[in-house]
There are 4 protein chains.
Amino acid sequence: MTAAAPQTKDQRNRLLTAAARCFVKSGFRGARMAQIAAEAQMSTGHIYHYFDSKEQIIAEMVRGHIEEKESIFGRLERAGDQVVDLMVDNLEESVDSSANPFWSALTLEMTAEAMRNPKIADILRTADAEMKARLFTCLGEGSDQEELATRLEIFIALIQGIGIRNIINPKLDLPAVVSIVKEVVENLFRRSKP
Amino acid sequence: MTAAAPQTKDQRNRLLTAAARCFVKSGFRGARMAQIAAEAQMSTGHIYHYFDSKEQIIAEMVRGHIEEKESIFGRLERAGDQVVDLMVDNLEESVDSSANPFWSALTLEMTAEAMRNPKIADILRTADAEMKARLFTCLGEGSDQEELATRLEIFIALIQGIGIRNIINPKLDLPAVVSIVKEVVENLFRRSKP
Amino acid sequence: MTAAAPQTKDQRNRLLTAAARCFVKSGFRGARMAQIAAEAQMSTGHIYHYFDSKEQIIAEMVRGHIEEKESIFGRLERAGDQVVDLMVDNLEESVDSSANPFWSALTLEMTAEAMRNPKIADILRTADAEMKARLFTCLGEGSDQEELATRLEIFIALIQGIGIRNIINPKLDLPAVVSIVKEVVENLFRRSKP
Amino acid sequence: MTAAAPQTKDQRNRLLTAAARCFVKSGFRGARMAQIAAEAQMSTGHIYHYFDSKEQIIAEMVRGHIEEKESIFGRLERAGDQVVDLMVDNLEESVDSSANPFWSALTLEMTAEAMRNPKIADILRTADAEMKARLFTCLGEGSDQEELATRLEIFIALIQGIGIRNIINPKLDLPAVVSIVKEVVENLFRRSKP
DNA sequence: CATGAATGAGCGTTCATTCAT
DNA sequence: AATGAATGAACGCTCATTCAT
C-alpha cells in the first residue's frame, strides 16, 4: 500500500519543485496551473488534491525557499565567534548561489509578490525577523547589536543585489566579484580585531 | 487654446504616471487596463489613442525610469576626478531614492519582467551597457578598468539591494545604513590615496 | 455661400463612394467608420452629419447600387419587342460588369447582408419586384409571363453566378464565357421565332 | 463507455454544425463565440478545447462544406461518358440543394470571406482547382477541354446563381426553374449527338 | 460645417477551479 | 488517487457613436 500509493508528501514536493521551475520561467502570475501540472506530470485537476489554490502553492514554495536560506543562518549561528570567518569563507558559495538565475529569479518574484500580497509579505517578514533574532542571541556581547543588525542588512542587500545585477548583466565576472566582496565583508565586520 | 485641447504628450505622461502607480500596486501583469484608465481618469478605450498596447506602456515606463537613473550617471560623468567624492556625498540621496518603495518596487518589476520578456530585457541591458560605457570613458586613466567595472557593479548591487531589503524589512534604519555604506564605498573606491 | 459650403448631396455621395470601396475591401461588418472617413477624407464624427448610422450608409449604398442595375432593366423596357436582341448585344458588357470584382463583391455583400438584415432584404426584394413588374408590363402579350419570369430569373442567376465564379476562379476566360453565354441566352429566349 | 466520455470528434462536429447554423444566421463575422457555444450547448471557454480560434472553425467548416460538394463531382467522375445524362438527371437535386437557403447562405458567406481572407480563398481555390482537374481526366477525349472547362464554369455559375436568386426572391418556382435549366444544360453539353 | 478626443459596451480568448467518472 | 472535460468570470482590446470646441 505504501509503495502503491504515492506519498502525499512526495507528491506535494514534486508539485512544489515543478511550480518553482514554472515560476522562474513565467513568474507567479504568469505560470499556469496547466503548465505546473504538466511539469509535475500530473493532471491539472489533481493538483487540487494537494493544494487548495495557486496562492497556496506560491505561499508554500516561498516558505520552503526561505527555509533553505535559514540553514545558512543556522550555520552562522553555530559558528560562535568565528561568524565572520565563516561568512568570508562561504562567500564564493553565497555569491554563486545568489547569482544562480534560478534562485535570484525566485527571490525577485517573492519580493515583488510580497509588495502586493500581504500573506507573502507576512511569510517573508516573519522569517526574516526570526532569522535576525536568532543571530542576535548568539552574536557578540560587547558589540552594538543595532549596528551589527544594520551591517548584516547591508551584507544581505549586497548578496541579493549581486543576484539581481547578474540578471541584468549576465556577463558579470563572478570570481572577480567574489574577491572584491570578500574585501568589503572584511571591512564590514572585521573592525575591532587587534 | 493650451487649456482647451489636451496635449498628446501630457496625456501620455498622465497615463504613464497612473500606470506606474498601478504597476507598483499590482505588478506589470496584475495591473489591469481598466485600473490604469481609472487611475488616469480616462476611459479604457481611450488609452489606445496614446499607446498601442499594455506592453508598450510597460516598455515606455521602463525606458523613462532608467532615463532618470541615467541622469545620476550623467552627474558622475561630469564630476571628473572627483567621482568618488560625488558618490559618497550623494549616498544619502541615492539610498533614500533606492529605498523609496515606489522606485524599488518598479525596479523589482522591471527586473522580473526582463527575465521573461526579451523586449524589456533589451531595454534594460542596452541602457545598462551604455551607462557603463560612458563611465569608462571618463573614469581613471591609470586604473584597471576591468576591476573598476566590477567595483561599480558591486556598488550598484548594494544600492539596489538596499532598496529590496527595505521592502522586506521596512523598519530598516536608513540613516544608520547610509553611514555604514559610506564606509563601504570609501573602501571600495578610495584605494590609491597616499 | 453655395460655393463655400460643400453641398450636402455631394458630401453624401463622396461618403457613399468611399463606403463602397471600403465595403468591397472589408465587407459591411468589417469596414470601420474610421476607414470610411479616411477614404472620404473627412473626420469620423462628421459622417454623422450626413448619416444616422453605419446601417443607414449600408442601406443607401445598396439602394444606389440597385438603382444602377435598374437602368439596365430600363433599357430593356424601352427596347420593345427587341428585348432579346438587346440582351444578347449587351451580354459582353453585362458579363464584364458582373465579373468586375468591385461589383460582384458588393452584390455578394448585399445578398449576404439581406440574409440577416430585414431592412436590406426589403430594399433588395422591393427593387427586385418592381423591376420585374416593369418588365411584365412591356413584355410580350401572347407569351406566358410566368415562364418568361422564370427564364429571366435564370438569366439573372447566370449573370450573377458568373460574377461569383470569377471571384473563386479569377483565371476565368471571360471572352470565352461570353460567347457561350450568348448561345445560352439565345436558347433561353429565342424560342418562338419562325 | 461510449456514452460516458464524449468523443472529441463528436464534439467538434457538434460545434461545427452549431457554428454553421450561427454563420447562416449572422455571418462569419457577425456570429459570436458565445452564440455558437449556446447553440452547441457548451460553455464559451470549452470551444477552445476543440478549436484554436474562431478562424479555425470557419476554415474547417468551409473545408467540410466543399468536401460535400466534391462528392457530387465524384459521382460525375464515375459516370464515364454518361456525365451529361447524370448531370441532367441530377438537376432537380442540384437545384434544390443549391436553393436551400442554408447552403446558399453558407456559400455566400464563404465566397464573401474569401474576398478578404486569403486562407479561406486558398481553401476554396485549391478545392475548386482539384475538382476541375479530376473532371478533366475523365471527360471527353476528342472534345476541346478549354471550352468544356468554360461550359462547366457556366454550369456551376448557373447553379450557384440560382441559389442566390432564391435568397432575394424566395417565391422562385423551383420546379419551373428546374425544367428550364434542364433545357439549358442539354444545350450546353449535348452538342455533338447525331 | 468640421474635428477628433472621449466613451463604454461588447468582442475573442484565457485560465483557475470544479466535478463526473 | 486520478483524470481531463467543463465552466464562466475576467482580461486586453476594438469601434460605433457622441460631444465639446
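In what follows, chains carry the letters A, B, and so on, assigned in the order in which the sequence lines appear, proteins first and then strands, with residues in each chain numbered from 1. A quick note: this is a predicted structure, and the numbers were derived from the prediction, not measured. For the numbers below, each heavy atom of this structure counts, side chains included, while hydrogens, waters and symmetry mates do not.
- For F:dA2, the OP1/OP2 oxygens have a side-chain nitrogen or oxygen of A:Tyr50 closer than 4.0 Å.
- As a whole-Å value, the separation of A:Phe51 CZ from F:dA2 P is 14 Å.
- Computed from coordinates, the B:Gln7 CD to E:dG4 C1' distance equals 14 Å when rounded to whole Å.
- Considering only side-chain N and O atoms, C:Gln11 lies under 4.0 angstrom from the phosphate OP1 or OP2 of E:dA2.
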Protein proximity profile, nucleotides 12-19 of chain F - base contact B, sugar-phosphate-only contact S, no contact -, cut-off 4.0 Å on heavy atoms:
SBBBSBB-
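- As rounded to whole Å, 13 Å separates atom C1' of E:dG12 from atom CZ of D:Phe23.
- Aromatic ring pairs are classed by plane angle as parallel below 30°, tilted from 30° to 60° and perpendicular above 60°; the pair A:His46 and A:His49 is tilted.
- With D:Glu39 as the partner, the salt bridge (charged side-chain N to carboxylate O under 4.0 Å, His left out) test is satisfied by one option alone out of D:Arg21, D:Arg14, D:Arg32: D:Arg21.
- With rounding to the nearest 0.5 Å, the separation of CZ in D:Arg63 from CD in D:Glu68 is 14.5 Å.
- The two residues C:Asp52 and C:Gln56 make their nearest non-hydrogen contact at N-OE1, 2.7 Å.
- Following rounding to the nearest Å, D:Leu15 (CG) and F:dA6 (P) show an atom-to-atom distance of 10 Å.
- Just one residue in the list B:Trp103, B:Phe102, B:Phe28 forms a ring-ring contact (aromatic ring centres under 6.0 Å, His included) with B:Phe23, and that residue is B:Phe28.
- The shortest side-chain heavy-atom distance between B:Lys25 and A:Arg116 does not fall under the 4.5 Å cut-off.
- The shortest side-chain heavy-atom distance between C:Tyr50 and C:Ile57 does not fall under the 4.5 Å cut-off.
- One atom, CD of A:Gln56, and another, P of E:dA16, lie 15 Å apart when rounded to the nearest Å.
- Along DNA chain F, the nucleotide closest to D:Gln41 and the one closest to A:Ile47 are compared, and the more 5′ of them pairs with A:Ile47.
- Between D:Leu15 and D:Met42, the shortest heavy-atom contact is CD2-SD, 3.7 Å.
- Taking each heavy atom of B:Ala20 and B:Leu106 in turn, the nearest pair found is CB-CD1, 4.2 Å.
- In DNA chain F, the stems built from three or more successive Watson-Crick or G-U pairs (distances below 3.5 Å) are E:2-21 with F:2-21.
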